[in-house]
Amino acid sequence: MVKRREPKTVLIIEDEADILNFASRVLELEGYRVLQAGDSEEGMRLVRQGGISLVLLDLRLPGRDGWATLKQMKSDPELSAIPIIVFTASARVSQRDRALSMGAADYLVKPLSAASLKKAVVRVLQGER
Amino acid sequence: MDEADSILIVDDDESTCRILTLLFGKKGYEVVTAGTGRETLEKAQRRFFNVALLDIRLPDMDGIELITPLKKMHPDMAVILVTAYASVETAARALKEGASAYITKPFNIDEVLVTVREALEKQRLVMENKRLYQAAMRELAERKQTEEALRQERNKVQKYLDVAGVMLVAFDANQKVTLINKKGCKILRCKEGEIIGKNWFETFLPERVRDEAIAVFDKLMAGETESAKYFESPVLTRTGGETFIAWHNTVLTDETGDIVGVLGSGEDITQRRLLTKKMVEYEELSSLKDSLLSTVSHELRTPLATIKGYSTMLLDYDRRLPDDEKREHLRSIDRATDRLTELIDHLLDMSRLEAGLLKLEKVPTNISKVIKEAAAEAEVRAPRHVIVANLRNELPSVNIDAKRIRQVVDNILDNAIKYSEGGNRVVVQAQRAGSELLVSIADQGIGIPAEELPSVFDRMYRIEQRLTPDIGGVGLGLAICKGLVEAHGGRIWVDSKVGQGSTFYFTLPIQTTAERQDYGKEA
């Protein structure tokens with residue numbers, strides 16, 4: 001049975017314009033629909049509208065940071081099923097462990113190649129299926 | 001005299017015996033008589049007599065012969081010879097044998113009494129002397145023994161005290177030191193003799209802790225606490241230094257249980273305190289370094305992420321990307337490398353400043369030119385801003401490293417532009433203020449909250465982390481400005497009100513006449 005493939009939507013929450021742009025472009029080129037948010041509040045607003053398959057989340061954000069955002073999404077029954085990939089410039093193992101224990105699907109450290117980003121997104125979305 | 005003196009009368013003539021018995025009995029003497037030499041020796045054998053009154057002519061022997069055996073039996077017995085033949089030889093013989101005196105017959109009663117009394121007196125003196133002498137000797141021997149025992153005991157105690165690794169000091173109710181061990185002497189840098197008897201609190205405690213220590217002492221003496229809790233307090237050494245001691249004190253009691261003093265055991269914790277302080281400093285430094293490293297790492301990774309991301313994207317998707325998009329990505333890479341370069345420069349400047357390794361190439365400089373150039377270039381970088389350089393024409397020359405002061409002005413101007421949501425006007429002013437040149441850079445930006453003001457020149461301090469995280473920078477800019485201005489002998493500070501803007505000030509020392517003359521020669 002062949003089902004017509006709808007493009008999956010990825011929400012990227014990232015305050016650094018260059019990185020937001022890079023991640024968005026790579027995922028668009030890979031056939032995903034991309035939504036962008038510069039901070040946590042905007043990200044939460046978009047995620048509540050529904051239709052989002054994956055969130056790419058920066059930890060250092062203006063206002064409420066990525067940690068609070070991760071916690072909020074994972075404790076919300078309606079949102080907790082959406083996989084979240086943390087995408088950060090902090091390479092600390094303790095932070096990685098903390099993020100994974102809080103329910104993050106993966107922990108990506110900047111800098112990151114286009115291929116690594118693509119691979120991580122594909123892996124998480126396939127695993128979820 | 002408690003007991004009656006006893007007298008042994010030796011005479012074969014019964015009437016003489018009777019007369020003398022009566023005479024001495026009346027005078028309170030205890031009288032015993034003997035008629036022969038043998039009877040005399042028998043009676044003397046049984047007991048002591050104070051005086052023996054011997055008739056020389058006895059039926060069985062010569063009275064003089066009795067002296068030696070009697071003296072042998074009782075060395076203290078006074079022997080008085082009574083003789084009818086008063087010859088010098090007899091007298092000399094008797095005295096030689098040990099007689100005290102002699103009386104010639106027929107005797108005068110008074111003479112007998114006086115002679116006996118004198119003999120007794122003499123005997124008493126001799127006996128008393130002897131007794132005293134013996135007592136003295138005995139006492140001396142006893143004292144020697146006691147002293148030796150005491151000395152040994154003291155030695156033993158002192159050894160215990162000296163072997164202790166802590167300082168031990170005892171003081172009496174008058175606060176006078178009664179005991180100190182070797183360690184204590186060493187800590188106080190005094191000899192034992194210089195410590196014993198001194199008022200402990202006045203001599204060996206610094207004034208600032210004296211009252212508190214006396215309060216502890218008074219409490220101990222009053223029996224209000226069995227032993228004072230551990231407390232730390234410094235002592236004064238002879239050289240005027242202070243050594244920190246951790247004290248444990250206990251009261252000293254006499255055999256009736258009364259508190260008579262305090263024994264303190266103290267440990268020199270100067271080293272330990274120093275070590276603890278160093279450890280705390282080290283931990284603070286480590287944690288600072290750790291947070292610095294983590295911040296630096298984060299700041300380095302962000303532009304690197306741009307470079308890595310766009311370059312891999314350009315490689316992987318080359319054919320699918322339009323040319324103008326590619327060029328845009330390359331520009332992003334270019335900006336990221338600039339940001340990295342600036343960051344590395346800042347880190348190097350900061351570490352050089354902190355290590356005092358930054359070399360300034362100071363030359364007499366016209367500050368107006370530096371400021372005008374900085375303002376003009378800032379306006380190019382920020383076309384939407386108006387940078388006004390409000391300068392007096394006749395500003396004095398300053399001896400500065402122009403490149404470094406330009407760096408300070410640029411940094412403050414960039415901040416003014418970055419945080420300028422409120423208004424787009426920045427005013428730079430410079431004027432003479434006494435022996436200094438005062439530069440001010442005022443913006444109409446968001447301002448700095450009062451509680452943040454003391455920290456803005458701290459290394460790695462970024463207000464934007466909370467307020468404006470989209471504005472880049474590792475937070476070293478103002479710390480470097482402060483380092484550079486101070487390296488020039490100037491000062492830097494800021495006035496600010498939230499919502500109204502900030503004004504940064506810095507000063508530079510104005511050259512002396514001598515310096516200006518040197519400049520003239522070189523030019």
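Both backbone and side-chain heavy atoms feed into the values below; hydrogens, waters and symmetry mates do not. Letters A, B, ... mirror the listed sequences (proteins, then strands); counts begin at 1.
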Check: [Y] and [X] side chains under 4.5 Å, non-hydrogen atoms:
X        : Y        : value
A:Leu29  : B:Arg320 : yes
B:Arg301 : A:Thr88  : no
B:Glu328 : A:Asn21  : yes
B:Glu325 : A:Arg25  : yes
A:Glu16  : B:Thr306 : no

Applying a strict 4.5 Å limit to non-hydrogen atoms, the region of A:Ala115 in contact with chain B is both
Does atom [atom1] of [X] have more than 12 heavy-atom neighbours, drawn from other residues, nucleotides or ligands, at distances under 6.0 Å?
X        : atom1 : value
A:Lys110 : NZ    : yes
B:Arg406 : CZ    : yes
B:Arg384 : CZ    : no
B:Glu281 : CD    : yes
A:Arg33  : CZ    : no

Practice task
Begin from the C-alpha positions of B:Asp316 and A:Lys118 and carry the test salt bridge (Lys or Arg N to Asp or Glu O under 4.0 Å) through to its verdict.
Solution key: CA-CA 11 Å; B:Asp316 294 355; A:Lys118 181 183 80 182; over 6 Å; no
Turns out that what part of B:Tyr310 lies under 4.5 Å from chain A's heavy atoms comes down to both
Applying a strict 4.5 Å limit to non-hydrogen atoms, the region of B:Leu321 in contact with chain A is side chain
Side chain to side chain contact (heavy atoms under 4.5 Å, CB included) test vs B:Thr312 passes for just one of A:Pro111, A:Ser116, A:Ser113, namely A:Ser113
Comparing B:Ala305, B:Ser332, B:Ser311 against chain A, the one with the most heavy-atom pairs below 4.5 Å turns out to be B:Ala305
Distance col, row A:Leu59:CG vs B:His298:NE2, nearest 0.5 angstrom, shows 7.5 Å
When rounded to the nearest 0.5 Å, the distance separating CD1 of A:Ile19 from NZ of B:Lys308 is 14.0 Å
- prompt: Of the non-hydrogen atoms in B:Tyr317 and A:Ala114, which two are nearest, and what is the gap between them?
  reply: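 Residues B:Tyr317 and A:Ala114, closest heavy atoms: CE1-CB, 4.1 Å.
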